[in-house]
There are 2 protein chains.
Amino acid sequence: MDAVQDEAAGKRARGLDRAFEILDFLRQKRQALKPNEIAAQIGAPRSSVYELVNLLLQNGILEFTGGEGRVYLGRKLYFLGAAYENHFDFTRECEAALEQLANETRETAQFCMLDGNRYTVVRMREGARPFRISTDVGQSVPIPWTASGRLLVAHLSDQEILNFIPAQDFRLPNGDWLDPQNFIVEVRQAEREGLFTFNSIVDSFTHCFAVPVRGEEGYAAATLCLVTPRDDGIANRDHYLHCLKKAAAGLEHAPARSKRG
Amino acid sequence: MDAVQDEAAGKRARGLDRAFEILDFLRQKRQALKPNEIAAQIGAPRSSVYELVNLLLQNGILEFTGGEGRVYLGRKLYFLGAAYENHFDFTRECEAALEQLANETRETAQFCMLDGNRYTVVRMREGARPFRISTDVGQSVPIPWTASGRLLVAHLSDQEILNFIPAQDFRLPNGDWLDPQNFIVEVRQAEREGLFTFNSIVDSFTHCFAVPVRGEEGYAAATLCLVTPRDDGIANRDHYLHCLKKAAAGLEHAPARSKRG
DNA sequence: CATCTGTGTCCAATATACCGTACATGTGAT
DNA sequence: ATCACATGTACGGTATATTGGACACAGATG
């Protein structure tokens, strides 16, 4: 990632990067793990991981939980995250927008952002459908897999996009290869139209709608999305896009704005 | 602060500790600062702070905001905090408990925890009072200043308590000195009775009620509190304590329990 | 003009953080 | 008993992270 600059083999890693690699890994796994397991799965020296884990435990960044010496993200991270959320106070308005979308469309509505060089669902309202069609909140997903991804990188140049997205993220879950040049074309199209919709490429039965929520810098700081069954999505396309744009307009001042002026 | 183990002068600080010192400092300040200012105010070498800030920026732990090169807590921290909150899923039940307390008492209700070796208000419902009597959410406060503090350290031995709480935290905001031995007596009393109430020692017009929320380890993982005008508090003492205990009982299984079992 | 403060960058010295390796333990399989 | 493996601890060598100080610049102040 960011963290993994793996220039070449045989380099010593910086403690700080290793530490956040551990934290990110635990977040991805969403469960407590033993230091040993962490070391094995992220491919880091065991002694280093033990040392870092102990340091992080002392600072409250990690906590023992789940027994057997397993550790998970700690309370301090919750406090820091709450401070961020309080400063860039998008949560309240975001929930309102999702609520509104849910009422108007009865479909699954999501608020999405970049997490480093991947995509993540920050908040979600499940639709009224009897079956559940959605990614989990907080999971990082390759940018090219998502409709929102086309919008979230649109402020970068072609070359920057290719540098930014890890090469292996162009491989789809079914093993197919997505041509990066094709992706770029879609990015530019999404940029021009201010929206992107497609039949999901990670499953075979949903249609996805995404519109940008522009921050103060003028480009997409986040997206609002709908994930719908294919027939419903295509049948209600105009209505859904109208709802999304209206909801996004209501948010357009919120992200990256301080609560206390 | 917590992180500062300052054994003696003249020691090199570990990057990780320094980094989290920076993060904690920004959280306390609740505003974006320039690296230079951070270095000056936490008493760290400028060159170190610049290097660390740049590293943290690259990882998304810090973000530029506020212009002029100022930095504040970053989006990644929000994601990590959200993962913590999702794992130890106390938020929903916590809000319900505060809601209930607010309805029953019309007073300011708080959910509080330890943040390292200090006390912090995690969530709060303002009371119906025309005036506002409360600490800000997310600020760290010396443990001895608060009613909850008596409960949150009760699982420690006398000596552990004295080691745990920074000596200067026994000095009250008005300059008075709180005798640690006296504090210990109150801790043991609170432990026996399963509650603590007093006229606030940080102002002259409120009365505070605190009851423990016990985690799976059996000791106070958090507290529920009411902050009331003195007359009202004393007049409604029994009623308020009853409400608090009921609300705490409703939470007692929640903290430190995994959502996905 | 000179001077001072606030800001950011660059650099070399050395204290030490990272890591490989060995050791100690427990558990389960053969 | 012997092996294999998972887990945690201990320790020394060396690559390097941390740090003080030099440098550059801009704005304010006198």
Side-chain angles (χ1 to χ4, degrees), chain A residues 1-26 29 31-72 74, chain B residues 1-26 29 31-72 74:
Chain A
M1 96 66 274
D2 354 74
V4 179
Q5 279 296 22
D6 283 296
E7 303 295 348
K11 295 274 294 177
R12 274 170 63 162
R14 201 178 275 246
L16 244 191
D17 291 333
R18 206 69 108 176
F20 284 110
E21 200 181 346
I22 292 172
L23 298 184
D24 253 348
F25 181 69
L26 288 172
K29 284 293 184 182
Q31 58 175 311
L33 293 172
K34 302 180 194 180
N36 217 20
E37 299 172 314
I38 298 174
Q41 297 186 49
I42 69 176
R46 294 196 310 132
S47 47
S48 304
V49 172
Y50 273 100
E51 171 145 20
L52 288 171
V53 164
N54 283 328
L55 281 175
L56 294 170
L57 283 168
Q58 283 177 29
N59 284 7
I61 309 295
L62 290 179
E63 284 175 13
F64 281 117
T65 179
E68 315 255 327
R70 269 180 276 261
V71 297
Y72 193 63
Chain B
M1 346 200 66
D2 9 64
V4 179
Q5 284 290 26
D6 281 296
E7 302 297 347
K11 296 274 292 176
R12 273 171 58 160
R14 202 177 280 241
L16 244 191
D17 291 333
R18 207 65 110 179
F20 284 111
E21 201 181 345
I22 291 171
L23 297 183
D24 252 349
F25 181 69
L26 287 172
K29 284 293 183 181
Q31 58 175 313
L33 292 172
K34 301 180 196 183
N36 217 22
E37 299 173 312
I38 298 174
Q41 297 187 49
I42 69 176
R46 295 193 312 129
S47 46
S48 303
V49 173
Y50 273 101
E51 170 139 21
L52 288 171
V53 165
N54 283 328
L55 282 173
L56 294 171
L57 282 168
Q58 282 177 31
N59 282 13
I61 310 295
L62 289 180
E63 284 176 12
F64 282 117
T65 179
E68 315 255 326
R70 270 180 275 261
V71 298
Y72 192 65

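Keep in mind that the numbers below use all heavy atoms, side chains included, and drop hydrogens, waters and symmetry copies. Here is the naming used below: chain letters follow the sequence lines, and residue numbers restart at 1 for every chain.
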In whole angstroms, how far is the [atom2] atom of [N] from the [atom1] atom of [X]?
| X | N | atom1 | atom2 | answer |
| --- | --- | --- | --- | --- |
| A:Arg12 | D:dA15 | CZ | C1' | 5 Å |
| A:Tyr50 | D:dT7 | OH | P | 7 Å |
| A:Arg14 | D:dT16 | CZ | P | 10 Å |
| A:Leu33 | D:dT7 | CG | C1' | 14 Å |
| B:Ile42 | D:dT18 | CD1 | P | 13 Å |
| B:Glu51 | D:dG20 | CD | C1' | 14 Å |
| B:Gln41 | C:dG6 | CD | P | 12 Å |
| A:Asp17 | D:dT18 | CG | P | 10 Å |

Sugar-phosphate, base or nothing in reach of A:Ala40, heavy atoms under 4.0 Å
nothing

Salt-bridge contact B:Glu37-B:Lys29 (side-chain N to carboxylate O under 4.0 Å):
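No, B:Glu37 and B:Lys29 are not salt-bridged.
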
Let's test your reading of the model: under 3.5 Å, does the base of D:dG20 pair with the side chain of B:Arg46 as donor and acceptor?
no

DNA chain D: 5'-proximal contact among B:Pro45 and A:Pro35 (nearest heavy atom)
A:Pro35

Looking only at the side chain of A:Ser47 (C-beta and beyond, no hydrogens), which of the listed nucleotides C:dC19, C:dG8, D:dT19 gets closest?
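Out of C:dC19, C:dG8, D:dT19, the nucleotide with an atom closest to A:Ser47's side chain is C:dC19.
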
